*Asks:* 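I am attaching a structure below and will ask some questions about it afterwards.
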Protein chains: 2
Amino acid sequence: MDQDLPLLPTSEPEDNESAAGRRFRELHDEIRTRISLLDYPPGMRLSEGELAEEFGVSRTPLRRVLFQLQAEGLLKSVQGVGTLVTDIDIGALYQVYQLRMELSPLLARLSPRAVNQHDIKRFKWLHKKSQELTENPSARGYSEVNIATFHALVDFTTNIPLRETMERLFYQTARIWLKSLTDQDVKRECKSLRDEVRDYRDAVCLGDLDALAHIWRAHTSSSMTRIRQKPISQEG
Amino acid sequence: MDQDLPLLPTSEPEDNESAAGRRFRELHDEIRTRISLLDYPPGMRLSEGELAEEFGVSRTPLRRVLFQLQAEGLLKSVQGVGTLVTDIDIGALYQVYQLRMELSPLLARLSPRAVNQHDIKRFKWLHKKSQELTENPSARGYSEVNIATFHALVDFTTNIPLRETMERLFYQTARIWLKSLTDQDVKRECKSLRDEVRDYRDAVCLGDLDALAHIWRAHTSSSMTRIRQKPISQEG
DNA sequence: GTTTCGCATGATGTACACAACAATCTACTC
DNA sequence: GAGTAGATTGTTGTGTACATCATGCGAAAC
């Protein structure tokens, strides 16, 4: 059953996607994942040349990817210095979370689709993964399940602008969460994520999207409160 | 008084903006304006080489601008063909409008700032412009006042992600409105815009941001209804 | 006359060389 | 020994030549 579902979903391909377009999307998703999983932590300096060599392309197409990630707020290029993974200050983080909390309930109101058997399987699988995570906690595993759960949630709306907006905002905040947690914190957060996914699973099994959306909102609010109470280190 | 206020505001510069960053922003805003005012109507084919020559740069920095506009949904590059100004189908238009209607009320709820004398002057000026427009209606003049009014509205929230999201969605739909209107339609729409701006002005003068936001929502809803009733030509 | 193949043309996509710039190390001066 | 100017190194930004692709025209075959 594990092999049936991809852990980290990526952007959806267009219908008539060119070879260049597909390569762009794959590189974009790959680097975004590395940033989100803290393989590239905030403050890390990337080199266009090294990345281009690793992926077997020249700097030109790679730079397009880095520009996109810069527009999404994940990178910042400085001439003569390098391409830096961005940090985020507490004020901006708060603003993003506020907006995410307002968008969550729209999941059930803007062009929602019906819950089907595949969704139930998907959330049961996510719950299983989060359960395994509590038995073997890790920051990386937490991020993987967290990201996969997010994609499973936004998949319920067919409103494309809403999905794209939520995705953009999610990736701006997803990685900040982890960087200053102790092992004890990670263990606690993994249990919290397990309970959160369990709530989602129960709502999905009932087919109640409105409940699902508001549970999501509640957990988003809870995350924001916990982050605000914890000091954020401002350097990477 | 006319010279005090710029008609078409652009993106805000960063604090430490490099020369390349400023050039990128200026080119982006310029081309986006041309698309919004239908100087580049949907379906028009642009040439990177010609644009680069016009702006006095090489294709390389210009392509970065075009990629950004492509990510915003305003352009689409096809190898061997050219860079095409996108159209939008009625379904996508409806989805964007639905989301915009949900976001409007957030203007008064997410980090709003107080109304000051400058705002009142600004909206009185916009009302004057829209009044003049009814006496000499034009599709281009309508767009200019419409865009300027939008920027005056989103200026009331200090929540940056909200502003950026609203701006992105606005420019995806702003140009569609005009392309299939007769002279009679344009005349009617200019009067409608004048009444709309008058409502905004009155709310601003009262300092009532919540009323302003919901009036905005009502007018957005009205626009969507009128668009849905009118068939959209699907070719440029 | 019709169809089809091939070439010319012009577009975007890619690679690479160089310019502009910042940080660091080094050698020289005081 | 401390400080400063200059060289060096490595980075991103820009320009340009070429590759790749789609389109349209035209000539040749039927």
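The sequence lines fix the lettering, A, B, ..., with proteins before strands; numbering per chain opens at 1. In this text the structure is predicted, and so the values were computed from the model without any measurement.
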*Asks:* What is the separation between atom CZ on A/Arg64 and atom C1' on C/dG13, rounded to the nearest whole Å?
*Replies:*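 Going from CZ in A/Arg64 over to C1' in C/dG13 covers 9 Å.
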*Asks:* Identify whether the distance between the nearest side-chain nitrogen and carboxylate oxygen of B/Arg188 and B/Asp185 falls below 4.0 Å.
*Replies:*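 Yes.
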*Asks:* Between A/Leu51 (CG) and D/dG10 (P), how many Å, whole number?
*Replies:*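 It works out to 17 Å between those atoms.
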*Asks:* Would you say the side chain of A/Gln79 and the base of C/dA20 hold a donor-acceptor pair, judged only by whether the two atoms sit under 3.5 Å apart?
*Replies:*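 Yes, a donor-acceptor pair under 3.5 Å.
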*Asks:* Can you check the A/Phe24 CZ to C/dT12 P distance for me, whole Å?
*Replies:*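 In whole Å, C/dT12 P and A/Phe24 CZ are 17 Å from each other.
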*Asks:* Regarding B/Arg59 and B/Ser47, is there a side-chain donor-to-acceptor distance under 3.5 Å anywhere?
*Replies:*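 Note: B/Arg59 and B/Ser47 side chains miss the donor-acceptor criterion.
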*Asks:* In whole angstrom, what separates B/Phe67's CZ from D/dG13's C1'?
*Replies:*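 Rounded to the whole Å, the gap is 15 Å.
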*Asks:* Distance check: side-chain N/O of B/Thr60 vs OP1/OP2 of D/dT14, anything under 4.0 Å?
*Replies:*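 The answer is no; no side-chain N or O of B/Thr60 sits under 4.0 Å from OP1 or OP2.
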*Asks:* Could you please name the option among D/dG13, C/dG13, C/dA11 that lies closest to any side-chain atom of A/Glu48?
*Replies:*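 So the side chain of A/Glu48 is nearest to D/dG13.
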*Asks:* Does D/dT12 have its OP1 or OP2 closer than 4.0 Å to a side-chain nitrogen or oxygen of A/Arg59?
*Replies:*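 So the side chain of A/Arg59 is outside the cut-off, no N or O lying under 4.0 Å from OP1 or OP2 of D/dT12.
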*Asks:* When you get a sec, tell me which of D/dT12, C/dG13, C/dA22 is the closest nucleotide to the side chain of A/Val81?
*Replies:*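 Minimum distance to the A/Val81 side chain belongs to C/dA22.
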*Asks:* Return the value, rounded to whole Å, for the distance between atom CZ of B/Arg22 and atom P of D/dG13.
*Replies:*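 Rounding to the nearest Å, CZ of B/Arg22 and P of D/dG13 are 14 Å apart.
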*Asks:* Rounded to the nearest Å, what distance is computed from the CZ atom of residue A/Arg63 to the C1' atom of nucleotide D/dG13?
*Replies:*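 Atom CZ in A/Arg63 sits about 6 Å away from atom C1' in D/dG13.
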*Asks:* Does a side-chain N-to-carboxylate-O contact under 4.0 Å join A/Glu144 and A/Lys129?
*Replies:*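 Here A/Glu144 does not pair with A/Lys129 in a salt bridge, since their nearest N and O are not under 4.0 Å apart.
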*Asks:* With heavy atoms under 4.0 Å as the rule, sort A/Leu84 into base, sugar-phosphate or nothing.
*Replies:*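 Nothing, no nucleic acid heavy atom in range.
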*Asks:* Checking all strands, does B/Ser18 fall into the base, sugar-phosphate, or nothing category for heavy-atom contacts under 4.0 angstrom?
*Replies:*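 It contacts nothing in the nucleic acid.
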*Asks:* Using a 6.0 Å cut-off, check whether atom CD of A/Gln184 has over 12 heavy atoms from anything other than its own residue.
*Replies:*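 Not more than 12 within 6.0 Å, no.
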*Asks:* Take the protein atom CD of B/Glu53 and the nucleotide atom P of D/dG15, then report the distance between them rounded to whole Å.
*Replies:*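 Atom CD in B/Glu53 sits about 13 Å away from atom P in D/dG15.
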*Asks:* How is B/Leu46 classified with respect to the nucleic acid when contacts are heavy atoms under 4.0 Å: base, sugar-phosphate, or nothing?
*Replies:*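 B/Leu46: backbone/sugar contact only, no base atoms under 4.0 Å.
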*Asks:* Within the pair B/Ser47 and C/dG10, is there a side-chain N or O less than 4.0 Å away from OP1 or OP2?
*Replies:*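 Looking at the OP1 and OP2 atoms of C/dG10, neither is under 4.0 Å from any side-chain N or O of B/Ser47.
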*Asks:* Rounded to whole angstroms, how far apart are CD on B/Gln70 and C1' on C/dG13?
*Replies:*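 In whole Å, C/dG13 C1' and B/Gln70 CD are 12 Å from each other.
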*Asks:* Can B/Gln98 and B/Glu102 be counted as having a side-chain donor-acceptor contact under 3.5 angstrom?
*Replies:*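 Result is no, nothing qualifies.
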*Asks:* For a quick test of reading the model: is some side-chain N or O of A/Ser77 closer than 4.0 Å to OP1 or OP2 of D/dT11?
*Replies:*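 Result: no.
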*Asks:* Just N and O in the side chain of A/Arg23: are any of them under 4.0 Å from OP1 or OP2 of C/dG13?
*Replies:*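 So the side-chain polar atoms of A/Arg23 never come under 4.0 Å of the phosphate oxygens OP1 or OP2 of C/dG13.
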